[in-house]
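For reference, the structure is listed below as structure tokens.
Residue numbers run from 1 in the order of the sequence given.
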Amino acid sequence: MPTFRPLTFVSVLVAWLIYKNGLSVKNSILIKSPLPEGYYYGGNFTTQCTNLPNPADSDDLVKYCEDVTFWDLHDQSGKLSERRVILSCDPGRKQWNTVMGPLRDPEPLGTLFWYAPKYTKENVRRIAPDSVKPEKIVFKGYPEGHTFHPLGVDIYPSFGGNASNLYVVNHAKERTVIEQFVLSPNKPVATYIRTLSSPYFVAPNSLALTSPDSFYVTNDHLITRRWPIIGHFVPLLESLLALPLAFVLHITLNPPSSSKDAIQSLQIVEKLMPFPNGVSVSPSGKEVAIVSTTMNSAFIYNRDLTTNLLELKSQVQVPFSADNILYDDDSNLILAGHPNFPQLTKVVADEKDQVVAPSWVVEISPRKEAINVKTYQEDTLAPVSVHSKVSPSPDYAVKTLFQSDGSVFSTSCTGMRDTVSSVFYISGLYADPGVMVCRPQL
Ligand SMILES: *[C@@H]1O[C@H](CO)[C@@H](O)[C@H](O)[C@H]1NC(C)=O
Ligand SMILES: *[C@@H]1O[C@H](CO)[C@@H](O)[C@H](O)[C@H]1NC(C)=O
């Protein structure tokens, strides 16, 4: 009878991985980069970056935050009057994580917060980020007993004080769904509208609105940890082998008042992708960026404004397991991720909250002039430069905005920049405190 030899199995597996997905495996699995304690682009991390405090009037903690997004409030004339931040945090993530495991206890619930520092170009040096406390967003009409484990979140801008549609991916106990709420700018109370569910929501992770009632949503895996027996190892293999099994959807909804199904139409806009994670729509709406975590890459697409279909334009590689991506106002992309995947899995397994994992956030911007990819040096300010690890893209410049070995900020998963005030936000999947704010040179 043949015996199962774990070591042989592992070495064959590693050899196969390197063959299939070489550079990504090398950069985010095998090699540990000598990252600094904390580096903030062109500045001083110690003086410019601060953790967000917990709310004043609630026991819920700003801890383990998977996503952050801007909520733009425009006045009657359509002018941007305030840029609020929505936080999606889940302090119970070490008990319940359908992407990385474990699936132990779904009861401790996650929380949404808003953070309203009212930063402008003029006041940004006067208002310390921790002098303003995030406020918990209380749910009205949320179904009793329905568990809440928020991941990706997006909200439509508000105009002249009107309420906004807010959508959040919820890794609920039974299955992963998308919750729809309405949130008005004058009170942190989100009114529950409905729960969106579909056989095509295999493993929703991140979403990006294309109107108040439509959005792109990524499914990070085809086989999930929720499956009996094979759920213990197939999702890991799917990730490690970068198996191109998962897909990205565009969803259009019927109005809540309609008697028809909530989902009016559903299109698969990208298929056979390994571990699609973050998704973002550019300010003009004409471009979409989708991250493949296990390919360490952002894929940039042209978007057809009427059909929502995507046409691949470019792939940009980074030296980490890429997580969430967001366009800023100038159509540059901010991409965050995990430079050492094995270390991230140690954080997941560490119940005492003593282990940290590194963070890396980059900006991806269209090149203004052609370069010679063989000789070009860029990102030279960073302690570990992007291009010491991957060759430069001919189309996009990649620049490090933030780096940490995990000691000052652990497990970065979303980076976001307000180009008006030059404030930069980072959220950490297993960071406590869960969100860091960096201001321009004081
Ligand atoms: C950053 O600021 C701190 C505190 O003022 C100072 O001690 C440190 O030397 C500065 N670091 C750099 C690299 O300028
Ligand atoms: C708020 O106003 C905008 C612009 O008129 C509109 O697109 C949006 O649907 C409104 N929001 C709600 C929740 O009615």
Side-chain angles (χ1 to χ4, degrees), residues 49-75 80-93 108-120 123-124 126-142 146-170 179-193 209 326 409 413-418 420-421 423-429 431-439:
C49 302
T50 314
N51 287 318
L52 277 196
N54 286 312
D57 52 357
S58 145
D59 295 335
D60 293 78
L61 303 176
V62 178
K63 175 177 168 180
Y64 300 174
C65 303
E66 202 271 347
D67 206 6
V68 282
T69 190
F70 285 122
W71 183 21
D72 283 353
L73 312 182
H74 300 266
D75 64 16
L80 182 64
S81 55
E82 188 192 331
R83 184 158 261 181
R84 237 170 250 185
V85 179
I86 306 284
L87 321 176
S88 162
C89 307
D90 189 359
R93 198 184 312 284
L109 302 188
T111 314
L112 302 182
F113 299 90
W114 81 29
Y115 175 61
K118 302 193 172 135
Y119 278 131
T120 61
N123 72 17
V124 66
R126 290 200 304 274
I127 303 173
D130 53 2
S131 66
V132 179
K133 294 203 166 25
E135 290 179 73
K136 175 181 177 167
I137 298 175
V138 178
F139 295 164
K140 194 172 135 198
Y142 193 71
H146 185 34
T147 50
F148 185 65
H149 293 283
L151 229 59
V153 60
D154 203 5
I155 182 164
Y156 203 72
S158 162
F159 297 88
N162 83 347
S164 292
N165 284 355
L166 180 154
Y167 299 86
V168 54
V169 171
N170 176 11
E179 310 295 349
Q180 182 180 353
F181 296 93
V182 167
L183 182 63
S184 144
N186 52 29
K187 216 164 67 198
V189 175
T191 303
Y192 170 84
I193 302 297
L209 297 184
L326 283 171
F409 198 76
C413 60
T414 307
M416 172 168 97
R417 179 165 59 198
D418 173 12
V420 178
S421 62
V423 176
F424 177 67
Y425 297 84
I426 314 172
S427 75
L429 191 60
D432 180 18
V435 177
M436 176 176 267
V437 183
C438 300
R439 285 185 290 165

Mind checking the [atom1]-[atom2] spacing from [X] to [Y]? Nearest 0.5 Å is all I need.
| X | Y | atom1 | atom2 | value |
| --- | --- | --- | --- | --- |
| Phe139 | Leu183 | CZ | CG | 9.5 Å |
| Phe159 | Asp75 | CZ | CG | 10.5 Å |
| Leu87 | Ile137 | CG | CD1 | 8.0 Å |
| Arg93 | Lys63 | CZ | NZ | 11.0 Å |
| Ser164 | Ile155 | OG | CD1 | 4.5 Å |
| Thr69 | Leu326 | OG1 | CG | 6.0 Å |

Side chain to side chain, [X] and [Y], heavy atoms closer than 4.5 Å:
| X | Y | answer |
| --- | --- | --- |
| Val168 | Ile86 | no |
| Leu112 | Ser88 | yes |
| Leu61 | Cys89 | no |
| Tyr115 | Val68 | no |
| Asp67 | Ser427 | no |
| Phe113 | Asp60 | yes |
| Met416 | Val85 | yes |
| His146 | Asn170 | yes |

List in chain and number order the residues that pass ring-ring contact (aromatic ring centres under 6.0 Å, His included) with [X], two or more places apart in sequence or in another chain; answer none if no residue qualifies.
| X | result |
| --- | --- |
| Tyr119 | none |
| Phe70 | Tyr425 |
| Phe409 | none |

- request: Tell me, please, which residues at least two apart from Arg417 pass salt bridge (charged side-chain N to carboxylate O under 4.0 Å, His left out).
  value: Asp328, Glu363
- line: Those residues at least two apart in sequence (or on a different chain) that pass salt bridge (charged side-chain N to carboxylate O under 4.0 Å, His left out) with Asp432 are none
Answer yes or no: is there a donor N or O on one side and an acceptor on the other, between the side chain of [X] and the main chain of [Y], under 3.5 Å?
| X | Y | value |
| --- | --- | --- |
| Arg439 | Thr50 | no |
| Arg83 | Ser421 | no |
| Ser184 | Gly161 | no |

- request: Apply side chain to side chain contact (heavy atoms under 4.5 Å, CB included) to Asp90 and Glu66, showing your working.
  value: CA-CA 8 Å; Asp90 189 359; Glu66 202 271 347; over 6 Å; no
- request: Sort and list the pairs that fulfil side-chain hydrogen bond (donor to acceptor under 3.5 Å, both in side chains) and have at least one residue in residues 126-135, not counting sequence neighbours.
  value: Trp114-Glu135
message: Within the supplied structure, the quantity of interest is the number of heavy atoms (other residues, nucleotides, ligands) at a distance under 6.0 Å from Asp59 CG; does it exceed 12?
response: no
task: If the plane angle is over 60° it's perpendicular, under 30° parallel, otherwise tilted; pick one for Phe148 and Phe181.
output: perpendicular
Closest heavy-atom pair and its distance - Cys413, Cys65: SG-O, 3.6 Å
